[in-house]
Amino acid sequence: MHDRRSFPSNPRLLTMRLDNQLQSIASAAFRQVCGTELPPEQFSIQKTRKEFAGARTLVCFPLARHSKAAPDATAEAMGKAMVAAEGPVTGYNVVKGFLNLEIAADHWSHWLLHESAGPNYGAAPRGSAPHVMVEYSSPNTNKPLHLGHLRNNFLGHSVSRILEAKGHTVTKVQIVNDRGIHICKSMVAWRRFGNGETPESSGMKGDKLVGKYYVAFDRAFKAEVSERLAAGLPKEEAEQDAPILVEARETLRLWEQGDPDTVGLWKTMNGWVYAGFDATYATMGVEFDKLYFESDTYLIGKDRVLEGLENGVFERTEDGAVWIDLTGDGLDRKLLLRSDGTAVYMTQDIGTALLRFQDYPDLDRQVYTVGNEQEYHFKVLFLVLEKLGFPQAQRCHHLSYGMVELPEGKMKSREGTVVDADDLMEAMFGIARDIALEAGKLEGLGPDEQREVFERVGLSALKYFLLKVDPKKNMMFDPKASIDFYGNTGPFILFNYVRGRSVLRKATAEGIPLPSTAIAAPGADEMELVGLLHDLPDVIGEAAEAYNPSLVANWCYDLTKAYSSYYQEHPILGADDPKTRDLRLVLTERFTRCLYTGMQLLGIALPERM
RNA sequence: GACUCUGUAGCUCAACUGGAUAGAGCACCUCACUACGGAUGAGGAGGUUGAGGGUUCGAAUCCUUCCAGGGUCGCCA
């Protein structure tokens, strides 16, 4: 379903981009007009707004200071000089200090034919940028994945692909929270109430089964507490000494001692969970290169903290706890080891990070896809890593994202309003199926092919909905809107892709080859589409820089809207003359290809039919 | 309380990082087309960008003071 090897090297990227060319020309023109030397970066080039003639605009206000003339006069002189220079500028007009530049039509047709071609347009050569590790998902092993995990996984997975397109080698990982009292709770409940139930015997997914016993523990615990309260025990005692909780703590103690029975059950139940998660990840279309387990890393973290203690990075208080004082960096004191010597969350994360740098010595940085409620934690973590002597720590990044809210209120697991990931995806597939069957779209396809279409369409709706919003913002997940397949949605984009592909197939069937020379020059009607196609490399660059897939998502939508509108107004194969037809055919081909690239960066697979 | 993020059309989101008249979709109203795939396209209406002040040629964007909301401030993870 997903092609991981999509971005081999592309030497053509070395070609100078239009905006850079224009900056150079502007710099030379400015020297000529004013006798002042300004570096090309100082010239601000932007796309010209639709209501004005021209394709690119030079903002001349900042130049007025150096030219000692009014912005309009400066713009006028610059326009004249830039047209006179060798290059793509053929005309200009000045509006209130904005110099609108007209670009030669053959520049665009050349660009269309030769620079935008091929499956790798927009991507940097593989391995041309440093090795990055991206962590995402990182679930607890006692609860099935929910809506929040979907945003997390889609984000992390998409950012990985964007970084790959930017030339980075990317290693995708997750840290599995497989250790601690919460796991023991599920184990205790299963021993008490399970009667040997397994995923096979019950027909339940493993993660759901274990989750069921986690809930069962909680119910039994509450029952015991109210019984004990009724018997007259004080609240604290009723809770802390409830037999089932005592048993869970004892189980944790046995686990840490390596008791074979306890460890055996722990392995078995975790195995069920992993099998369940794997099924969910497969449905989601995400994958990982390597898994890290907290049960493997917390001891490493402990060792390194003790080492740091010897080196004076950390300090020990009288009760034996280990702290770091970050008040000098504007943060607080932070605990690293409890007074009884056991590890805390931070200790584990230090161990995990160091193990990763050890596993991959060429690692330039790590990206952590984790909710924004942990911003402080990661600020501290990166600072601690830096103080432990890891220069990469300065480049590590917390890809922080906001909560997914439901219309009825906040989505929090303890309030019981979680939306299960498997259920939600299955519901999306069902809706996609209903719509397609009602429209009679999939006649002639076998059941397996149909199922694949439903999955791609349904998943595109979900992924696109979650990825089009700026990650740092809290977002509203409206189930009703997400199942609406009109407007700014994944299915709308898919539909136009399929339509474009259909035109290309028809061209092939009619024996019309994809043109490689002599097409009509794009005119005003084509320029919006051409401009958007031209933007792709910049969009990828910005998205990589900001770790922000929403930039790619919105670009995909803009591109699709432009094509959809163009398609409506202009017959492709039925064009009046062959050169115009060829131009439209090339545009259609570039549209489908660039859209494929963009959607692939979002982790969204495109169908050929729908 | 301290720190931090957010606030844009009735709703959900944009705005090339300081640029021109703040743009899309949904919902609402009007219209077009035998339609290369109608899961369509075009248009209308809808805004004091939470409020005030400041910086400058120019502010949704930067500074500042308020207001509202989220998050964090555990020897939880």
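Note that the structure is predicted; figures quoted are calculated from it, not measured. Keep in mind that the numbers below use all heavy atoms, side chains included, and drop hydrogens, waters and symmetry copies. We name chains A, B, ... by the order of the sequence lines, and we start the count at 1 in each one.
- Salt-bridge formation is detected for the pair A/Arg505/A/Glu608: a Lys NZ or Arg NE/NH1/NH2 atom is positioned less than 4.0 Å from an Asp or Glu carboxylate oxygen.
- We find that NZ of A/Lys96 is positioned 16 Å from C1' of B/U56, with the value rounded to whole Å.
- Across B/C16 and B/A24, the matching P atoms stand 15 Å from one another, rounded to whole Å.
- Contact annotation for A/Glu438: no contact, since no heavy-atom pair falls under 4.0 Å across all strands.
- One can find a donor-acceptor pair under 3.5 Å joining the base of B/A20 and the side-chain atoms of A/Thr57.
- Taking the six-membered ring where the residue is Trp, A/Phe30 and A/His66 present perpendicular rings, their angle passing 60° and hence far from 30°.
- Remark: the separation of the C1' atoms in B/A59 and B/C63 is 12 Å, to the nearest Å.
- Comparing A/Asp332 and A/Gln568 against RNA chain B, the residue whose closest nucleotide sits nearer the 5' end is A/Gln568.
- Residues A/Lys506 and A/Asn372 each lie close to RNA chain B; by heavy-atom proximity, the contact nearer the 5' end of the strand is made by A/Lys506.
- We find that CG of A/Asp478 is positioned 9 Å from C1' of B/C11, with the value rounded to whole Å.
- At a threshold of 4.0 angstrom between heavy atoms, the contacts of A/Tyr486 are confined to the sugar-phosphate backbone, with no base atom among them.
- Between the side chain of A/Asp470 and the base of B/A15, no donor-acceptor pair of N or O atoms lies under 3.5 Å.
- Side-chain N/O atoms of A/Lys468 include none lying less than 4.0 angstrom from OP1 or OP2 on B/A14.
- An OP1 or OP2 oxygen of B/U12 is reached within less than 4.0 angstrom by no side-chain nitrogen or oxygen of A/Lys473.
- The pair A/Arg581-A/Asp576 fails the salt-bridge criterion, with no side-chain N (NZ, NE, NH1 or NH2) lying under 4.0 Å from an Asp/Glu carboxylate O.
- On the C1' atoms, B/G10 is 9 Å away from B/G46, given to the nearest whole Å.
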